[in-house]
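Below: the structure, in structure tokens.
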Amino acid sequence: MKENVSCLIEKTIRNLVESGRLPVLEKVEVVVEFTRDKKHGDLASNIALTLSKSCRMNPRDLASLILQNIPTTSFLDHCEVAGAGFINFFLSKDALSKLLLEIIDKKERFGCNNEGKSVPILIEFVSANPTGPLHVGHGRGAAIGDSICRLMRANGWNVQSEFYYNDSGQQIRNLALSVQARCLGIDPQNPDWPDDGYCGEYINEVARAYLDGETLEAKDKSVTGAKDPELLDEIQEFAVTYLRREQDRDLANFNVNFDSFFLESSLYSSGEVERIVQEIIDSGYTYEKDGALWLKTTQFGDDKDRVMRKQDGTFTYFVPDIAYHINKWERGFKNALNEQGADHHGTITRVRAGLQALKKNIPEKWPNYLLHQMVTVVRNGEEVKISKRKGEYLTLSELVNEVGSDATRYFLVARAPNSQLIFDIDLAISASNDNPVFYIQYAHARISSVLRKMTELDSDWMKKMNLSNSKLILEEEHLIMQHLMKFPEIIKQAAQQYEPHTIANYLRELAGEFHSYYNSYKVLVEDKELRESRIMLSMGVRQVIANGLNILGVSAPEEM
RNA sequence: CGGGGUGUAGCUCAACUGGAUAGAGUAUUCGGCUUCGAACCGAACGGUUGGGGGUUCGAGUCCCUCCACCCCGGCCA
């Protein structure tokens, strides 16, 4: 609809220029927006304000000139000049009722588009180390990342979601040592407890399962506890598998599923790490100093060079990261997005520097990054410092068990990724009923209930509906239709900006408008035509809420 | 000190990317079920958008400068 109006304006201006009533203009960029205030019509353009200078006319006069020459169309009721020189457009009843038909016709496809043109994109998110359970911070990454995947699919992208496991390196060794210590009956208070060991209670559970010889069924393999506390490698494999399985289960309960999993260890076993290190050395971007191998990241915008291979011969964490991203690139993903916590900010420059050093014509800005700010957890009015080593944190599964997946997802995705959010545990649990997600779901359930009621009255009502005759004349009805009309654009915009929270806000507003309407007017009235019109409106709202909630990974219940 | 982020109502957050009178929820105070679901609705209260300067028809949004908070600045990941 926006496009229709901006085309109309553009055409009008072109005609005015050709007939000499306006000077020749360099560049005309017509911006049409949905209005905030219903008094300003449905759509508005500031074109007269932006062109007034180059036309040497006062904005209001220019606006009236454009308006007088705008051709009449079926989708516009009328237009007017307002304020400093805005042109406001009022849509016709015809245009709005066609919208409802479109929603009902397209169903779950309403709002979708093909901007992505089926181009493949790899979206990596969560990627937590398998050294402990997922916490709220991971939950935020999961909620945002998964919603972005759904958003991108709705925009026609060919999305593959991937989870990268850092299942090798020092922290995994620390995990194995911690489990081993627990197997031997050593606890964190004991002087023999390993340095940098993981103190959480879950380590004990892993140790017990290992000693019991439990068999773990993972996606790609099966591991049985060897029971022997001396076999550190066996302990490590068992512990990693155990914790991966736990994370997968937590994510599944959170309605998050990945298309693929990638193991850091595979980059070592396949020799890819060694290969790219050699290639980077050959490219001339490295040097030896103090017994370590350095990458000249300063040549790619870093403030100092970084160590790739430590004195002890092992690699720093970003080296396998580079290998991993080469792997993504070689799998053919010209589009890649990494959703991570803001604490990983520093690695972006390093990984990109490594990719550039390889001279593979990878774009400088590849891969794309979306960082979410940290979650501050508050309990009893005090900040809970998240520390995996100390075992102090709120796990995702505790949270989901307590307040439910829908409420947790909504809470974590409803804020802009860039805002650092405060998560008050007590508030989240006690006030979970106040979560706006229920407000939105309730609107969906209410409409479903009305439709059930209609079916009770006449099981065949749907077929008998006359869809062409809209009787919707109320201001509230107009407002709702105007809101429904924005949905496709919200989907597009949220994807372009990687900001799924705009969907959440949109749904909150739509639900609010419907609740208000529902409270003042009855849908199932006597008058058949009016009743059918209102049913159609309700069906439109219901469909859009369902589509929007689906993008947020939240259920749309028929009753609650 | 350097890099990134944030600062909007008592609290938690929005604001369609520079537009018209800065909006919701929550808290507080009133009012609304004999009526399709009250997990709802209506009303009131609540603001110098951290401070100061600048750019222009127009700034919460862009630029400069201070102030405060969060993250990063390991041969940890």
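Every chain is numbered from 1, with letters handed out A, B, ... down the list of sequences.
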Check this for me: does the side-chain of Asn46(A) come within 3.5 Å of the base of rG19(B) through a donor and an acceptor? yes

Gap between atoms CG and C1', on Leu507(A) and rA39(B) respectively (whole Å): 17 Å

When the distance from CG of Asp343(A) to C1' of rA77(B) is rounded to whole Å, what number comes out? 10 Å

Hey, does the side chain of Lys304(A) come within less than 4.0 Å of rG74(B)'s phosphate (OP1/OP2), counting only N and O? yes

Do you see a donor-acceptor pair shorter than 3.5 Å between the side chains of His483(A) and Lys486(A)? no

Where does rC30(B) fall, syn or anti, if syn means a chi angle no more than 90° from 0? anti

Please answer whether rG19(B) and Phe86(A) are stacked, defined here as ring centres separated by less than 5.5 Å and planes angled under 30°. no

Are Ser127(A) and rA77(B) close enough that a side-chain N or O sits under 4.0 Å from OP1 or OP2? no

Is the base of rA39(B) touched by the side chain of Tyr442(A) through a donor-acceptor pair closer than 3.5 angstrom? no

Roughly how far apart, to the nearest Å, are rU55(B) and rG60(B) at atom P? 16 Å

Gap between atoms OH and C1', on Tyr198(A) and rC76(B) respectively (whole Å): 9 Å

Pick the nucleotide of RNA chain B nearest each of Tyr517(A) and Asp312(A); which residue has the one closer to the 5' end? Tyr517(A)

Between CZ of Arg350(A) and C1' of rG74(B) the distance, given in whole Å, is 9 Å

Looking only at side-chain N and O atoms, does Asp302(A) offer a donor or acceptor that is under 3.5 Å from a partner on Thr349(A)? no

In whole angstroms, how far is the P atom of rA15(B) from the CZ atom of Arg415(A)? 12 Å

Given RNA chain B, 5'-ward residue of the pair Ala342(A) and Lys522(A), judged by closest heavy atom: Lys522(A)

Which residues satisfy the salt bridge (charged side-chain N to carboxylate O under 4.0 Å, His left out) test with Asp527(A), sequence neighbours excluded? none

Is the glycosidic angle of rU17(B) within 90° of 0, making it syn, or outside that range, making it anti? syn

Within this structure, what is the CD-to-P distance between Glu513(A) and rA24(B), rounded to whole angstrom? 11 Å

Pair Glu477(A)-Tyr517(A), side-chain donor/acceptor within less than 3.5 Å: yes

Could you tell me how far apart Phe315(A) (CZ) and rC76(B) (P) are, to the nearest whole angstrom? 14 Å

side-chain hydrogen bond (donor to acceptor under 3.5 Å, both in side chains) between His325(A) and Asn338(A), worked out: CA-CA 10 Å; His325(A) 282 90; Asn338(A) 295 357; 2.9 Å; yes

Quick one about Glu509(A) and Asn505(A) (side-chain donor to acceptor, distance below 3.5 Å, no hydrogens or angles considered), yes or no? no

Quiz question: going by heavy-atom distance under 3.5 Å, is there a donor-acceptor pair between the base of rG5(B) and the side chain of Gln420(A)? yes

Between atom CD in Glu476(A) and atom C1' in rG42(B), what is the gap in whole Å? 12 Å

Please measure how far the P atom in rC66(B) lies from the corresponding atom in rC1(B), and state the result in whole Å. 10 Å

No-H, no-angle donor-acceptor pair, Asn88(A) side chain to rA20(B) base, under 3.5 Å: yes

Respond yes when some side-chain nitrogen or oxygen of Ser516(A) is under 4.0 Å from OP1 or OP2 of rG42(B), and no when none is. yes

His501(A)-rA14(B) aromatic stacking (under 5.5 Å, under 30°): no

